[in-house]
Asks: 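One structure is given below, represented as C-alpha cells, and several questions about it will come after.
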Amino acid sequence: MAKEVLYSSTRGAKGQIPASLAILKGLAPDGGLYVPDHIPALEKSLREISQMSYQDVAYEVMKLLLTDYTEEELKYCISHAYDSKFDTEEIAPLAEADGAFYLELYHGATIAFKDMALSILPYLMTTAAKKNDVKNEIVILTATSGDTGKAALAGFADVPGTRIIVFYPKHGVSPIQEQQMVTQKGDNTCVIGIEGNFDDAQTGVKKIFTDPELAKELDAKGFQFSSANSINIGRLVPQIVYYVYAYTRLLKEGRIADNEAINVVVPTGNFGNILAAYYAKNMGVPIAKLICASNSNKVLFDFFQTGEYDRNRDFVLTSSPSMDILISSNLERLIYHIAGDNAAKDAEYMGQLSSTGKYEITDEMRSKLTDFFGGFATEEETWATIKNVFDKTGYLMDTHTAVASSVYNKYVEETGDKTVTVIASTASPFKFTRSVMNALGKGDDSKDDFALADELSAVSGVEIPEAVSSIRTAKIRHNTVVDKADMQKAVMNFLA
C-alpha cells in the first residue's frame, strides 16, 4: 500500500490536508500553492507501464498522488475525462518530425493541452465535494492567457453544484481563442474581458481568493471559491501522466532502451506544464534535461541564466499569447522544493516579488537547477521555425510549439546534445491561424481568421478541427469587459 500523500502550502499555512481538500481549495489561505509532502516513485516498471492504455497510465500515476480517492472514484473520473471527446484513440500521440518527437497534447475538445487536465478536474472536484460533505456551490474562479479559460469552461459547463467565472486580457488572446470563450454555452458560465494583461488578471483573481472577509460573505450566501488554473494541484497531477505516457511509448516502439534518458522541451508561461515533467522525473521517469522555452517575455530564461527572477520589464504581446506572462505562478512550487521544502524561505521570496517585483535565489538553490536549461525564441525565430519544419517535413505546428522547437534547435547547436527529445506540442495550429499563415508566407490581412483556417487546411491537408468549425457562426453569449480594478464587483454581480 502506497504511503498517503498530504498537501501543505508553499508559504507555510499550518497543517497538512489530503488531496481532495487541496483540490477543492485550489489556493492556500495564505496565498501559497499546495505541494505534496513527498513525491512517490512509480510502483510498476516503465516496461510494464508501456503496455498500458492512456487511461491505465493515468490511474497508475494519479493513485500515487491523490491517495484519498478510492480506486472506484479515481477510475470513474479517468474514464469520464479521457473518452470520445478526444479525436485520437491515443489521447496524446507522438509525431516524429525533424529529429524530435512532438507530443501532441491538443486532441481534446478545445484543441489545446489544457484539455488534458481540465477534462478531469470537474470530476475530481465534484467527487472531492461529495467526499468532504461540501454543501456550498463551488465557484471556479480563473484567469486565462487564452487556453485555460476555454478548456475550464468546457469542462465545468452545466456541471451541477458549480459555477465558473473566467477573466481574460481583452486585447491579449487570439481571435479564435476569444471566440471560443465568448460563445461558451452553460447557465453556470461567465466570461469577462479585462482592460489589462494576463498578469493583471491573475493578480486580481489571487487577491479575490485570499480576501477572508469576502470568503465569509460568500460562505453565508452558500458559495466557496476554487480554481481551475494550474495553481490547483488537481490541474498539475493529470499533467504528469502524459510525460510518463510519452516515455513509455518511446520504450514500447523501441525508440529508446530500458532506462535510457530523454530530454523534454516545454513552451512555458505559468510553469505548470514543465513542473509536471519535473515531478514525472522525480517519480522515476529518466528525463535528463528539462528545457524551458520562453518567447520574448523571457523572465524564466533570465532566471535560469542568473538566479534572479525579475518581472520589472516591458510586457510584450506576441503571437504565442499563452506564454505572455511575467509572473510564472508555478515556479513558486519549484522554489519551495529547491529551498529544501522550506516554506518560510519561499514566503520571503514571494514577499519580495510582491513588494519589489524581484528576488534572487542562493547559489545552493541554483545548484539544484542543473536539470533545467532555459532558452527563448524571438518572433522571427518562431515564425521561421514553423515555415522551415513545414517546408522540410510537412509537419505543421502552432506558434507555442514553434517557440519550443526553435529553442530545442538552439540547445542542440549550443551543447551538441543529441539525446532523444520530446517536445510538448501544446496547441493546434488552427487556434492561431493568422500567425501560422503569416509564418508560411501566406497571410492575408483582408480575411478573417476563419477564412484563413480554410486556407490553412487547403495548404496543409489537415482537416479543420471541430472546435474551430463549430464556433464560426456561434452566438456570442458573453460580452462583459471591465477594468482590472472592478474584477471583484463583476464576480459579485454574476453570483447575485
Side-chain angles (χ1 to χ4, degrees), residues 77 80-87 106-127 129 137-170 172-194 201 205 223 225-229 232 234-235 321-322 427-428 430-433 448-450 453 463-482 487 490-496:
C77 294
H80 284 73
Y82 303 116
D83 58 9
S84 59
K85 71 174 79 66
F86 287 83
D87 63 17
Y106 55 78
H107 290 283
T110 76
I111 57 175
F113 82 103
K114 307 291 168 84
D115 287 324
M116 303 301 293
L118 282 164
S119 295
I120 195 167
L121 186 62
Y123 295 101
L124 292 174
M125 202 169 271
T126 48
T127 302
E137 201 166 345
I138 297 163
V139 181
I140 307 295
L141 194 59
T142 288
T144 185
S145 53
D147 286 338
T148 286
K150 173 60 185 179
L153 288 161
F156 281 94
D158 293 324
V159 170
T162 69
R163 295 197 196 189
I164 176 163
I165 304 167
V166 169
F167 289 100
Y168 74 99
K170 175 66 187 160
V173 298
S174 83
I176 284 179
Q177 283 178 312
E178 182 170 47
Q179 186 76 356
Q180 280 188 307
M181 289 189 279
V182 297
T183 57
Q184 176 66 50
K185 293 176 181 168
D187 292 340
N188 64 338
T189 65
C190 174
V191 179
I192 301 168
I194 68 154
V205 162
F223 297 115
F225 284 134
S226 190
S227 169
N229 278 78
N232 191 320
R235 262 282 301 277
S322 300
S428 163
F430 287 92
K431 210 156 192 178
F432 305 94
T433 44
D448 71 14
D449 282 54
F450 293 101
E463 207 178 314
I464 297 175
E466 162 73 10
V468 173
S469 51
S470 65
I471 57 167
R472 194 182 284 246
T473 54
K475 180 181 163 209
I476 290 179
R477 305 168 65 92
H478 308 272
N479 50 21
T480 307
V481 180
V482 302
M487 287 170 62
V491 168
M492 298 313 279
N493 286 345
F494 173 63
L495 295 181

Asks: Between Asn232 and Ser227, what is the shortest heavy-atom contact and its length?
Replies: ND2-O, 2.7 Å
Asks: Looking only at atom types and distance, does a side-chain atom of Gln179 sit under 3.5 Å from a main-chain N or O of Ile176, one as donor and one as acceptor?
Replies: no
Asks: Taking C-beta and beyond as the side chain, do Phe494 and Asn188 meet within less than 4.5 Å on heavy atoms?
Replies: no
Asks: Out of curiosity, Thr127 OG1 to His80 NE2, how far, rounded to the nearest 0.5 Å?
Replies: 10.0 Å
Asks: Enter the distance from Leu121:CG to Ser226:OG here, rounded to the nearest 0.5 Å.
Replies: 7.0 Å
Asks: What's the shortest heavy-atom distance between Glu137 and Thr162, and which atoms?
Replies: OE2-O, 3.8 Å
Asks: Would you call Thr189 and Asp187 a side-chain contact if the rule is heavy atoms closer than 4.5 Å?
Replies: no
Asks: Can you list everything that forms a side chain to side chain contact (heavy atoms under 4.5 Å, CB included) with Val139? Sequence neighbours excluded, please.
Replies: Ile165, Phe223, Phe225, Leu495
Asks: Go through Lys150 and Gln184 one step at a time and tell me if the side chain to side chain donor-acceptor pair (under 3.5 Å) criterion holds.
Replies: CA-CA 8 Å; Lys150 173 60 185 179; Gln184 176 66 50; 2.7 Å; yes
Asks: Between Arg472 and Val468, is the side chain to side chain contact (heavy atoms under 4.5 Å, CB included) condition met? List the steps.
Replies: CA-CA 7 Å; Arg472 194 182 284 246; Val468 173; 5.5 Å; no
Asks: Could you tell me which non-hydrogen atom of Ala201 sits nearest to which non-hydrogen atom of Met487, and how far apart they are?
Replies: O-CE, 3.3 Å
Asks: Are Phe432 and Asp449 packed together at the side-chain level, in the sense that at least one heavy-atom pair is separated by less than 4.5 angstrom?
Replies: no
Asks: Would you say that Met181 contacts Thr144 through its side chain, given a criterion of any heavy-atom pair below 4.5 Å between the two side chains?
Replies: yes
Asks: Using 0.5 Å steps for rounding, measure from the CG atom of Asn229 to the OG1 atom of Thr142.
Replies: 4.5 Å
Asks: Between His107 and Phe86, is a ring pair (Phe, Tyr, Trp, His ring centres under 6.0 Å) present by the stated rule, with each step listed?
Replies: CA-CA 5 Å; His107 290 283; Phe86 287 83; 8.5 Å; no
Asks: Which value, rounded to the nearest 0.5 Å, describes the distance between Ile111 atom CD1 and Asp87 atom CG?
Replies: 9.5 Å
Asks: Give me the atom names and distance for the closest heavy-atom approach of Ile138 to Ala129.
Replies: CD1-CB, 3.8 Å
Asks: Would you compute the distance between atom NZ of Lys85 and atom OG of Ser119 and round it to the nearest 0.5 angstrom?
Replies: 4.5 Å
Asks: Check this for me: does any side-chain nitrogen of one of Asp147 and Lys431 sit under 4.0 Å from a carboxylate oxygen of the other?
Replies: yes
Asks: Do side-chain atoms of Asp115 reach the backbone of Thr110 as a donor and acceptor pair under 3.5 angstrom?
Replies: yes
Asks: For residues Ala228 and Thr148, report the shortest heavy-atom separation together with the two atoms involved.
Replies: O-CG2, 4.0 Å
Asks: Which heavy atom of Val173 sits nearest a heavy atom of Pro321, and at what distance?
Replies: CA-CB, 4.4 Å
Asks: Say you draw a straight line from SG of Cys77 to CG of Leu124; how long is it, rounded to the nearest 0.5 Å?
Replies: 4.5 Å
Asks: Decide yes or no for Ile194 and Tyr168: does some side-chain heavy atom of the first lie under 4.5 Å from some side-chain heavy atom of the second?
Replies: no
Asks: Would you sort out whether Phe167 and Leu141 count as a side chain to side chain contact (heavy atoms under 4.5 Å, CB included), showing the intermediate values?
Replies: CA-CA 8 Å; Phe167 289 100; Leu141 194 59; 3.9 Å; yes
Asks: Run the side chain to side chain contact (heavy atoms under 4.5 Å, CB included) check on Phe156 and Met125 step by step: do they pass?
Replies: CA-CA 10 Å; Phe156 281 94; Met125 202 169 271; 4.0 Å; yes
Asks: Are the side chain of Ser145 and the backbone N or O of Ser322 linked by a donor-acceptor pair below 3.5 Å?
Replies: yes
Asks: Show your working on side chain to side chain contact (heavy atoms under 4.5 Å, CB included) between Thr433 and Phe450 and close with a plain yes or no.
Replies: CA-CA 8 Å; Thr433 44; Phe450 293 101; over 6 Å; no
Asks: With sequence neighbours left out, what residues match Lys185 under salt bridge (charged side-chain N to carboxylate O under 4.0 Å, His left out)?
Replies: none
